[in-house]
Amino acid sequence: MITRARLAWIAFVPIGLAAALWSTPVGAASQELEPRLLSNVPVGTNFLLGAYAFSKGNILLDPAVPIEGLDAELHTVVGAYVRSFSLLGLSSKVDLVVPIASGDWVGRVEGRDSSRAVTGLGDPRVRLSVAFAGAPALTREEFRGFTQETVAGVSVQVIAPLGQYDPARLINLGSNRWTIRTQLGLSHTVGNWIYEGYAAAWIFTANDNFWGGNLLEQKPLATAKAHVIRTFGQRRWLAGDAGFGFGGRSILNGDERDTRLSTFRLGLTLAWPISQRHTLKLVAASAFRIEKGPDFDVFGGTWQYMR
């Protein structure tokens, strides 16, 4: 168990590295910058994705944790599968994401130099998305005559505690708890421009084996995102992305900590087809903490196969 002196300093928010990974854009759970989530596709379309990202900076940890001058380098490989289908006549998608990461962390814990290098599986996640307005479920033949204008949709994502986790270590790739994210989104197309806005809430279960058997809880985290997208013909587009996260204060053994997150993110996403079924995406993003939260840069690329 952690001593009372240590309890006075601990304010770790282990949102789970999978959330900090799948930001092709790669980033912290507070804002995953994912443009064009509401784009309609024909029923029965399948996507396979492979992604790599490199992140550097204050990754994963809240700055109030007793790690001073934290610096990290993180290499992430992500595999994902997406399928579109009809749910009560509404255009819907289900996706599965599995991340693997290798990282090096360096900092000072309670005045002593400390570091960790770890490679392993992050927390996988599954998501259901449903467009309840403006994007009917269409066959490939029907889709040829469809023009997307205003679309509204919701999604529910579950992050499972299956990633690498060692309760004797402060830094881990997994979170050892379940996380649920609910999100509401709106997209509007005007000519070659697409404007999107999203609002989401992250809900966390308790980690009852945090750093030596302590109980870590976390209040919900609210996020908002906006994207401005310029299309350049079929499947070619460039997006400017912004996100803000607020809340998520942690509670350790019933003692509420001064760890309210307040972070901001900016990013660019470029998608370019290389053949009829294959598309490449390039991503660059930066996270800035206003009060507490992650502060890092990330660069990555995604290969996407559609069938």
Engineer: Would you tell me whether N207 and Y165 have side-chain atoms, one donor and one acceptor, within less than 3.5 Å of each other?
Structural biologist: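 Indeed, the side chains of N207 and Y165 share at least one donor-acceptor pair under 3.5 Å.
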
Engineer: For residues D104 and V106, determine if any side-chain heavy atom of one lies less than 4.5 Å from a side-chain heavy atom of the other.
Structural biologist: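 They are not in contact (no side-chain heavy atoms under 4.5 Å apart), so the answer is no.
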
Engineer: Name all pairs fulfilling the salt bridge (Lys or Arg N to Asp or Glu O under 4.0 Å) condition that reach into residues 160-172, sequence neighbours left out, sorted by first residue then second.
Structural biologist: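 Not a single pair qualifies under salt bridge (Lys or Arg N to Asp or Glu O under 4.0 Å).
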
Engineer: Quick check against the 3.5 Å criterion: does S91 have a side-chain atom that pairs as donor or acceptor with the backbone of A131?
Structural biologist: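 Side chain of S91 to backbone of A131: no pair is present.
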
Engineer: Restricting to salt bridge (charged side-chain N to carboxylate O under 4.0 Å, His left out), what partner residues turn up for E73, sequence neighbours left out?
Structural biologist: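 For E73 the salt bridge (charged side-chain N to carboxylate O under 4.0 Å, His left out) partners, ignoring immediate neighbours, are K56.
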
Engineer: Taking the side chain as every heavy atom from C-beta outward, state whether V118 and L173 have any pair of such atoms under 4.5 Å apart.
Structural biologist: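 Yes, side chains in contact.
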
Engineer: Does some side-chain heavy atom of L49 sit less than 4.5 Å from a side-chain heavy atom of W303?
Structural biologist: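 Not touching, per the 4.5 Å side-chain cut-off.
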
Engineer: Which heavy-atom pair separates A284 from F299 by the least distance, and what is that distance?
Structural biologist: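 Scanning both residues, the minimum pair turns out to be CB-CD2, 3.8 Å.
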
Engineer: State whether the side chain of T205 and the backbone N or O of W178 hold a donor-acceptor pair below 3.5 Å, judged by distance alone.
Structural biologist: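 Between the backbone of W178 and the side chain of T205 there is a qualifying donor-acceptor contact (under 3.5 Å).
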
Engineer: Checking side chain to side chain contact (heavy atoms under 4.5 Å, CB included) for the pair L184/F132: CA distance, chi angles, key distance, verdict?
Structural biologist: CA-CA 10 Å; L184 175 66; F132 57 81; 3.9 Å; yes

Engineer: Quick one: does F204's side chain get under 4.5 Å of T179's, heavy atoms only?
Structural biologist: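 Touching, per the 4.5 Å side-chain cut-off.
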
Engineer: Report yes or no: does S262 contribute a side-chain atom to a donor-acceptor pair with the main-chain N or O of F246 at less than 3.5 Å?
Structural biologist: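 Looks like no, no N/O pair under 3.5 Å.
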
Engineer: Give, for atom CD of E196 and atom CG of L186, the distance between the pair rounded to the nearest 0.5 Å.
Structural biologist: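 Taking CD in E196 and CG in L186, the distance rounds to 9.0 Å.
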
Engineer: I need the L221 CG to T263 OG1 distance, nearest 0.5 Å.
Structural biologist: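 Going from CG on L221 over to OG1 on T263, the span is 7.5 Å.
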
Engineer: Scan for salt bridge (Lys or Arg N to Asp or Glu O under 4.0 Å) pairs involving residues 82-103, sequence neighbours excluded, and state none if there are none.
Structural biologist: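 For residues 82-103, and leaving out neighbouring residues, the salt bridge (Lys or Arg N to Asp or Glu O under 4.0 Å) pairs sorted by first residue read D95-R127.
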
Engineer: Could you tell me which residues satisfy salt bridge (charged side-chain N to carboxylate O under 4.0 Å, His left out) with D295, sequence neighbours excluded, listed by chain and number?
Structural biologist: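 Once residues adjacent in sequence are excluded, D295 has no partner under the salt bridge (charged side-chain N to carboxylate O under 4.0 Å, His left out) criterion.
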
Engineer: For the OG1 atom of T269 and the CZ atom of R36, what is their distance to the nearest 0.5 Å?
Structural biologist: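 T269 OG1 to R36 CZ: 11.5 Å, rounded to 0.5 Å.
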
Engineer: Set out, in order, the CA-CA distance, both residues' side-chain angles and the distance that settles side chain to side chain contact (heavy atoms under 4.5 Å, CB included) for Y198 and H227, then state yes or no.
Structural biologist: CA-CA 9 Å; Y198 300 88; H227 307 281; 3.5 Å; yes

Engineer: What heavy-atom pair brings D123 and S175 nearest, and what distance separates the two atoms?
Structural biologist: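 Looking at all heavy atoms of both residues, the shortest contact is OD2-OG, 2.7 Å.
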
Engineer: Does L270 share a hydrophobic cluster with L280, counting links as ILVMFWY side-chain heavy atoms below 4.5 Å and allowing steps through other members?
Structural biologist: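 Shared cluster, no.
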
Engineer: Is there a continuous path of hydrophobic side-chain contacts, each under 4.5 Å between heavy atoms, that joins F244 to F288?
Structural biologist: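 Cluster IDs for F244 and F288 match.
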
Engineer: Return yes if some donor-acceptor pair links the side-chain N/O of T279 with the main-chain N/O of Q304 below 3.5 Å, else return no.
Structural biologist: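 Checking the backbone N and O of Q304 against the side chain of T279, no donor-acceptor pair under 3.5 Å is found.
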
Engineer: Can you check whether N209 reaches N176 side chain to side chain, under 4.5 Å on heavy atoms?
Structural biologist: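 N209 vs N176: side chains touch.
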
Engineer: Check whether W237 forms a cation-pi arrangement with R230 (NZ or CZ under 6.0 Å from the six-membered ring centre, at most 45° off the ring normal).
Structural biologist: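 No - R230 does not lie over the ring of W237 by the 6.0 Å and 45° rule.
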
Engineer: Start with the C-alpha gap between W202 and I159, add the side-chain angles, then the distance that decides, and say whether side chain to side chain contact (heavy atoms under 4.5 Å, CB included) holds.
Structural biologist: CA-CA 10 Å; W202 296 76; I159 303 175; 3.6 Å; yes

Engineer: Please report the closest heavy-atom contact between V298 and R265, naming both atoms and the distance.
Structural biologist: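 Result for this residue pair: CG1-NH2, 3.8 Å.
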
Engineer: Between Q157 and V97, is any pair of side-chain heavy atoms under 4.5 Å apart?
Structural biologist: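 Side chain of Q157 against side chain of V97, heavy atoms only: no contact under 4.5 Å found.
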
Engineer: Just grab all the salt bridge (Lys or Arg N to Asp or Glu O under 4.0 Å) pairs involving residues 198-218, residues at least two apart or on different chains.
Structural biologist: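 Sorted result for residues 198-218: empty, none.
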
Engineer: Can you check whether F146 reaches P136 side chain to side chain, under 4.5 Å on heavy atoms?
Structural biologist: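 When only atoms from C-beta onward are counted, P136 and F146 do touch, with a gap below 4.5 Å.
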
Engineer: Which atom names give the shortest non-hydrogen contact between I194 and S187, and what distance separates them?
Structural biologist: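 For I194 and S187, the tightest heavy-atom pair comes out as CG2-OG, 3.4 Å.
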
Engineer: To the closest 0.5 Å, what do you measure between CZ (F47) and OH (Y81)?
Structural biologist: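 So the CZ of F47 and the OH of Y81 are separated by 10.0 Å.
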
Engineer: Would you name the heavy atoms of A242 and F264 that are closest together and state the gap between them?
Structural biologist: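 Heavy atoms of A242 and F264 come nearest at CB-CZ, 4.4 Å.
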
Engineer: Looking only at heavy atoms, what is the nearest atom pair of V98 and P124, with distance?
Structural biologist: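 Minimum heavy-atom contact is CG2-CB, 4.2 Å.
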
Engineer: According to a 4.5 Å side-chain heavy-atom criterion applied to Ile, Leu, Val, Met, Phe, Trp and Tyr, with indirect links allowed, do I274 and M306 form part of one hydrophobic cluster?
Structural biologist: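 They do not share one cluster, since no chain of ILVMFWY contacts under 4.5 Å joins I274 to M306.
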
Engineer: Quick one: does any side-chain atom of N253 pair with a main-chain N or O of L215 as donor and acceptor, under 3.5 Å?
Structural biologist: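 Yes: the side chain of N253 pairs with the backbone of L215.
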
Engineer: Do P42 and L138 have side-chain heavy atoms sitting under 4.5 Å apart?
Structural biologist: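 Counting from C-beta outward, P42 and L138 never come under 4.5 Å.
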
Engineer: Say you draw a straight line from CZ of R307 to NE2 of H278; how long is it, rounded to the nearest 0.5 Å?
Structural biologist: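 It comes to 10.0 Å.
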
Engineer: Other hydrophobic cluster members with L282, side-chain heavy atoms of Ile/Leu/Val/Met/Phe/Trp/Tyr under 4.5 Å, chained?
Structural biologist: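 Taking Ile, Leu, Val, Met, Phe, Trp and Tyr as members, L282 stands alone, with no cluster partners.
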
Engineer: Looking at D255 and R257, is any side-chain nitrogen of the basic one under 4.0 Å from a carboxylate oxygen of the acidic one?
Structural biologist: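 Salt bridge between R257 and D255, a charged N being under 4.0 Å from a carboxylate O: yes.
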
Engineer: Is the side chain of E149 donor-acceptor paired with the backbone N or O of G134 at a distance under 3.5 Å, no angle test?
Structural biologist: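 No.
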
Engineer: Decide whether L38 and V154 are clustered together by the hydrophobic rule: side chain heavy atoms of Ile, Leu, Val, Met, Phe, Trp, Tyr closer than 4.5 Å, transitively.
Structural biologist: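 Hydrophobic grouping puts L38 apart from V154.
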
Engineer: First locate atom CH2 of W272, then atom CG of L238, and finally report the distance between them rounded to the nearest 0.5 Å.
Structural biologist: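 Spacing of CH2 (W272) from CG (L238) equals 9.5 Å.
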
Engineer: Evaluate K225 against D241 for side chain to side chain contact (heavy atoms under 4.5 Å, CB included), listing each step before the verdict.
Structural biologist: CA-CA 7 Å; K225 300 180 296 181; D241 317 303; over 6 Å; no

Engineer: Any chain of hydrophobic side-chain contacts (each under 4.5 Å) joining L266 to I229?
Structural biologist: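 L266 does not cluster with I229.
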
